[in-house]
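Written below as structure tokens is the structure these notes are about.
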Amino acid sequence: MNGGIHAQGNRSKEALEAFEEALTLALSTNDAQSTALALRMCANIHKERRNDIEAEKLYNRSIEIYGTISNDSGRANAALELGDLYLARSHFEKAEAFFAKALAIHTKMGFDLGRANALRSIAQTQRMRCQFSDAVKSDTEALAIYTTIMDDSSRAGALEALGGTYVLQLEYDQAEERYRQALAINESTGDDLGRARTLNGLSQVLVERFKLDEAEDYCKEALITHRKAENWFDIASTIFNLARVQEAREDYDKAESYYIESKDIYARID
């Protein structure tokens, strides 16, 4: 499908047109497999464009077709994508229900990576519902799977998520340990962007522990990487953490400057 090329280039209009053309062709030839896939791809673009009602309808049609043709993998993937849509809309019960459906399918299939990814999605939902103990349990289970299948990138992501949950629980020793474990993996695999995100998360813990020089160094190092990659959300987040460092130092003028810069970036990317 040519739509994938356009989607990667962030040309959503062209991508949607290409996927809709693929959908029309699949329907005309009664190709259920291609129809379900094209529906998912169209739904992904509508989700990206915040056309949530249309995306929801297309995902549900895709799930129904995958069920009819007994394509469990496709059904699980569509369930995860629909769960992401509900999560973005803060419909937590619906999100968790679809993530649980994907988990059940992957468990039945014996697909460990899919199972771990579904657990991570469930953990994210639990974290947003302030069910922190449950989130730790889900992410820890996912981490064990990633470790078994030797998926280092995902293992670092799960450790970083655990670090963030422990921060929310004010368990800074546990948070710092998880972030440093994730950092070691990112450094060993040469994942510069992953390392920058972990440094930013770790800096939050160090501010709380009043290790301000180290926190500032990590923020500035992360910011260099994010600016090179033009990751605007991460740039804004890192600048916000720099503001927290300056506020903890009682340098309120510099803190205000960073807060304003961060706010301006968030406003531009919203």
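Numbers here are sequence positions counted from 1.
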Do you see a donor-acceptor pair shorter than 3.5 Å between the side chains of [X] and [Y]?
X	Y	value
Tyr86	Glu56	yes
Glu216	Gln246	yes
Asn241	Tyr258	no

Does a side-chain heavy-atom distance below 4.5 Å link [X] with [Y]?
X	Y	answer
Leu23	Thr35	yes
Val167	Glu208	no
Arg268	Ile265	yes
Leu162	Thr165	no
Gln126	Ser133	no

Between side-chain atoms of residues 97-115 and protein atoms elsewhere (two or more places apart, or another chain), which donor-acceptor pairs fall under 3.5 Å?
from, atom 1, to, atom 2, distance (Å)
Thr107, OG1, Leu103, O, 2.7
Arg115, NH2, Glu141, OE2, 3.2

(request) Give a yes or no on whether the backbone of Glu20 and the side-chain of Thr24 come within a donor-acceptor separation of less than 3.5 Å. (result) yes
(message) Main chain of Asp253, side chain of Ser257: is a donor-acceptor contact present, judged purely on distance under 3.5 Å?
(response) no
(request) Using the test ring-ring contact (aromatic ring centres under 6.0 Å, His included), find all partners of Phe240 that sit at least two apart in sequence or belong to another chain. (result) Tyr259
Side-chain polar contacts of residues 178-186 - donor-acceptor pairs under 3.5 angstrom, sequence neighbours left out - could you list them?
from, atom 1, to, atom 2, distance (Å)
Arg178, NH1, Gln174, OE1, 2.9
Arg178, NH2, Gln174, OE1, 3.2
Tyr179, OH, Gly164, N, 3.3
Arg180, NE, Glu176, OE2, 2.9
Arg180, NH1, Tyr218, OH, 3.4
Arg180, NH2, Glu176, OE2, 3.0
Arg180, NH2, Glu214, OE2, 3.0
Asn186, ND2, Ala182, O, 3.2
Asn186, ND2, Gly194, O, 3.1
Asn186, ND2, Thr198, OG1, 2.9

(request) Kindly indicate, with the supporting measurements, whether the criterion side-chain contact (heavy atoms from CB on, under 4.5 Å) is fulfilled by Val136 and Tyr166. (result) CA-CA 8 Å; Val136 167; Tyr166 283 125; 3.5 Å; yes
Restricting to non-hydrogen atoms, name the atom on [X] and the atom on [Y] that form the minimum distance, rounded to 0.1 Å.
X	Y	result
Ala161	Asp139	CB-OD2, 3.5 Å
Ala175	Gly163	CB-O, 3.4 Å
Leu223	Leu242	CD2-CD1, 4.1 Å
Asn117	Tyr146	OD1-OH, 2.5 Å
Tyr66	Gln33	CE2-NE2, 4.1 Å

(message) According to a hydrophobic-cluster definition based on side-chain heavy atoms being under 4.5 Å apart (Ile, Leu, Val, Met, Phe, Trp, Tyr only), do Val205 and Leu199 belong together?
(response) yes
(request) Give the cluster check for Ile239 versus Ile269: same hydrophobic cluster or not, with ILVMFWY residues linked at side-chain heavy-atom distances below 4.5 Å. (result) yes
(request) Would you list the pairs meeting salt bridge (Lys or Arg N to Asp or Glu O under 4.0 Å) in which at least one residue belongs to residues 29-45, sequence neighbours left out? (result) Arg40-Glu81
(message) Considering only residues two or more places apart or on different chains, which pairs with a residue in residues 149-170 satisfy salt bridge (Lys or Arg N to Asp or Glu O under 4.0 Å)?
(response) Asp152-Arg155
Considering only distance and modelled atom types, tabulate donor-acceptor pairs under 3.5 Å from the side chains of residues 225-238, sequence neighbours left out.
from, atom 1, to, atom 2, distance (Å)
Arg227, NH2, Glu261, OE2, 3.4
Ser237, OG, Asn200, ND2, 3.0
Thr238, OG1, Asn200, ND2, 3.4
Thr238, OG1, Asp234, O, 2.7

